[in-house]
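In what follows, every chain begins at residue 1, and chains take the letters A, B, ... in the order their sequences are listed.
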2 protein chains.
Amino acid sequence: MGEPRWLNETEMQAWAGFLEASDLLNRLVELHLREAGGVTRVQYEILHRLNESPESLRMTELAALMVCSPSGLNYQVGQLVKSGLVRRDPDPSDERGILISLTEQGRAVLLAAAPGHVATIRAGLIDLLSEQQVAQLASIMKVARDHLRSLVPTAPSRRAVDKRS
Amino acid sequence: MGEPRWLNETEMQAWAGFLEASDLLNRLVELHLREAGGVTRVQYEILHRLNESPESLRMTELAALMVCSPSGLNYQVGQLVKSGLVRRDPDPSDERGILISLTEQGRAVLLAAAPGHVATIRAGLIDLLSEQQVAQLASIMKVARDHLRSLVPTAPSRRAVDKRS
DNA sequence: TGTTCTTGTTTCGAATTCGAAGCAACGTAG
DNA sequence: CTACGTTGCTTCGAATTCGAAACAAGAACA
């Protein structure tokens with residue numbers, strides 16, 4: 001490979017800014033969620049996904065919607081079960097599958113935490129930007145997300161152990 | 001507080017996209033760095049900061065430049081010392097202070113990892129965007145970063161333990 | 001029907017992160 | 001000069017995350 005194309009000033013600012021802003025935002029959201037609802041960002045996201053989907057979700061489906069390893073997801077679901085916010089049921093159609101669904105308490109916790117969560121997101125990002133900038137950000141992130149989704153493995157790649165005989 | 005101002009469609013896309021894209025990018029960068037240079041993203045950042053600054057940095061200064069707790073930084077610096085990429089020296093002007101500086105090997109590792117790192121950043125974000133979008137992103141992230149910096153505590157706040165006697 | 005491959009989830013150990021607490025050196029006020 | 005609050009770093013235990021391996025149940029196929 002030829003000599004690398006280094007980042008120019010603007011590109012550097014975009015990257016460094018993005019990195020630091022996302023770290024700080026994560027920190028902020030985590031902080032507020034904990035002192036408000038007593039849940040993690042990941043846990044909140046699990047509750048949110050479950051609430052959004054009409055049916056209960058299997059571990060695999062849930063994992064596909066989120067960015068974390070199967071084992072990481074399993075751990076957090078376990079925590080939520082312990083707190084009584086989520087239920088694990090066997091999938092009648094597939095003995096292997098596990099169906100995850102919100103309990104009443106889980107839905108209540110989500111609804112209670114949501115307003116504060118949205119306020120945090122506004123205070124930390126959305127309300128800092130003009131309407132136009134929000135649209136730009138949405139558009140930029142759509143490109144990045146779509147591309148990264150196909151580029152970054154979240155599950156352990158079985159293909160790595162692929163044997164071509 | 002009145003009823004919450006929920007996010008509209010575009011705002012939601014901006015937020016969700018940002019969150020997921022940053023998670024995926026982190027993952028991608030971490031992955032590539034590990035298999036290339038054998039360092040973590042945080043470790044890379046430490047090396048990078050040290051290389052950028054003309055003088056060696058104190059722990060506190062380094063912590064201020066990054067987004068991580070003092071203890072987290074201490075751990076990673078410890079790892080880097082163990083690998084011989086970084087040196088800890090006492091600060092002659094202040095017995096408490098510790099000066100961190102790159103070793104020759106540390107600089108070498110950084111320089112070796114840099115091209116691949118930049119390539120990853122390009123492949124995962126920068127090269128997906130138009131020149132205009134990169135400028136927009138840089139501008140947006142500057143606003144967010146500056147604001148978040150003053151909003152999010154990275155060090156344990158001593159003020160919390162403030163005694164009002 | 002067995003055999004073998006694949007898929008879905010869980011367990012395990014290691015690495016990283018945090019906040020709180022601990023300790024040591026600084027600086028200041030009496 | 002001594003006491004006290006402050007600052008800088010480290011240690012500690014707990015929580016979270018990951019990848020690899022284990023396990024169990026479908027599916028494909030001879």
Side-chain angles (χ1 to χ4, degrees), chain A residues 23 26-28 30-31 33-35 38-46 57-64 66-83 88-100 152-165, chain B residues 23 26-27 30-31 33-35 38-46 57-64 66-83 88-100 152-163 165:
Chain A
D23 276 352
N26 265 320
R27 206 171 245 275
L28 182 68
E30 201 84 48
L31 200 64
L33 270 183
R34 250 186 236 277
E35 69 188 28
V39 288
T40 304
R41 177 170 84 79
V42 180
Q43 292 178 350
Y44 183 91
E45 203 168 328
I46 293 175
L57 290 171
R58 306 183 54 169
M59 292 293 279
T60 310
E61 297 174 308
L62 200 47
M66 303 181 52
V67 183
C68 76
S69 68
S71 54
L73 178 62
N74 188 56
Y75 173 77
Q76 286 297 359
V77 167
Q79 296 298 105
L80 288 172
V81 169
K82 268 203 297 192
S83 322
R88 275 196 253 236
D89 295 307
D91 183 342
S93 74
D94 184 341
E95 201 65 40
R96 295 167 298 179
I98 299 285
L99 292 174
I100 314 295
V152 184
T154 41
S157 59
R158 311 246 191 203
R159 270 123 260 162
V161 205
D162 225 329
K163 69 266 127 181
R164 72 204 51 109
S165 55
Chain B
D23 277 351
N26 264 321
R27 207 170 245 277
E30 202 84 46
L31 199 65
L33 269 183
R34 249 183 235 280
E35 68 189 27
V39 288
T40 303
R41 175 170 86 79
V42 180
Q43 291 178 351
Y44 183 91
E45 204 168 328
I46 293 174
L57 291 171
R58 306 185 52 171
M59 291 293 278
T60 310
E61 296 174 309
L62 200 46
M66 303 182 49
V67 183
C68 76
S69 67
S71 53
L73 177 63
N74 188 55
Y75 173 77
Q76 285 298 357
V77 167
Q79 296 299 105
L80 288 171
V81 168
K82 268 203 298 195
S83 321
R88 273 197 254 235
D89 294 307
D91 182 342
S93 74
D94 184 343
E95 200 67 38
R96 296 168 298 177
I98 299 286
L99 292 173
I100 314 294
V152 184
T154 41
S157 58
R158 310 248 192 201
R159 270 123 258 161
V161 204
D162 228 329
K163 70 265 129 182
S165 54

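Side-chain contact between B/V152 and A/L31 is absent, with no heavy atoms from C-beta onward closer than 4.5 Å. A heavy-atom distance below 4.5 Å is not found between the side chains of B/C68 and A/D23.
Counting only distance, with no hydrogens or angles, the side chain of B/E30 and the backbone of B/R41 share a donor-acceptor pair below 3.5 Å. Using a distance-only test at 3.5 Å, with no hydrogens or angles considered, no donor-acceptor pair links the side chain of B/T40 to the main chain of B/Q43.
Between A/Q79 and the phosphate of D/dA15, there is no side-chain N or O to OP1/OP2 separation shorter than 4.0 Å. The phosphate of C/dT10 (OP1 or OP2) has a side-chain N or O of A/R88 nearer than 4.0 angstrom. Listed pair B/R58 / D/dT7 fails the phosphate criterion, with no side-chain N or O lying under 4.0 Å from OP1 or OP2.
For the pair A/E61 CD and C/dT7 C1', the interatomic distance rounds to 13 Å; values are reported in whole Å. Look at CD1 on A/I100: it is 14 Å from P on C/dG8, rounded to the nearest Å. Atom CD of B/E95 is separated from atom C1' of D/dT7 by 14 Å (rounded to the nearest Å). The distance from atom CD of B/Q76 to atom C1' of C/dT16 is 7 Å, rounded to the nearest whole Å. For the pair A/L31 CG and C/dC18 P, the interatomic distance rounds to 12 Å; values are reported in whole Å. One atom, CG of A/L33, and another, C1' of D/dT16, lie 16 Å apart when rounded to the nearest Å. Rounded to an integer number of Å, the gap from CG of A/L73 to P of D/dG19 is 13 Å. In this structure, CG of A/N74 is placed 11 Å from C1' of C/dG8, rounded to the nearest angstrom.
If you run side-chain contact (heavy atoms from CB on, under 4.5 Å) between B/R58 and each of B/D94, B/I98, B/I100, only B/D94 comes through.
For A/V42, the listed nucleotide lying nearest its side chain is D/dT17; candidates were C/dT16, C/dT6, D/dT17. Here C/dA25 is the nucleotide among D/dC18, D/dT16, C/dA25 with the atom lying nearest to any side-chain atom of B/D94. In this structure, of C/dT7, D/dC12, D/dC18, it is D/dC18 that holds the atom nearest to the side chain of A/C68. With D/dG26, C/dA20, D/dG19 as the candidates, the nucleotide lying closest to the side chain of A/S71 is D/dG19. Of the candidate nucleotides D/dT10, C/dT16, C/dG19, C/dG19 has the atom nearest to the side chain of A/R27. The side chain of A/M59 lies closest to C/dT10, out of D/dA24, C/dC26, C/dT10. Among D/dT10, C/dA25, D/dT16, the nucleotide with an atom closest to any side-chain atom of A/T40 is D/dT16. In the set D/dT16, C/dA25, D/dG19, D/dT16 carries the atom at the smallest distance from any side-chain atom of A/Y75.
The residue among A/S93 and A/R34 whose nearest nucleotide of DNA chain D lies closer to the 5′ end is A/R34. For the pair B/I98 and A/R96, both in contact range of DNA chain D, the more 5′-proximal nearest nucleotide belongs to B/I98.
Judged by distance alone with a 3.5 Å cut-off, no donor-acceptor contact links the side chain of A/S69 to the base of D/dG19.
Residue B/L73 comes nearest to B/I46 through the heavy atom pair CD1-CD1, 3.7 Å, listed as atom of the first residue, atom of the second, then distance.
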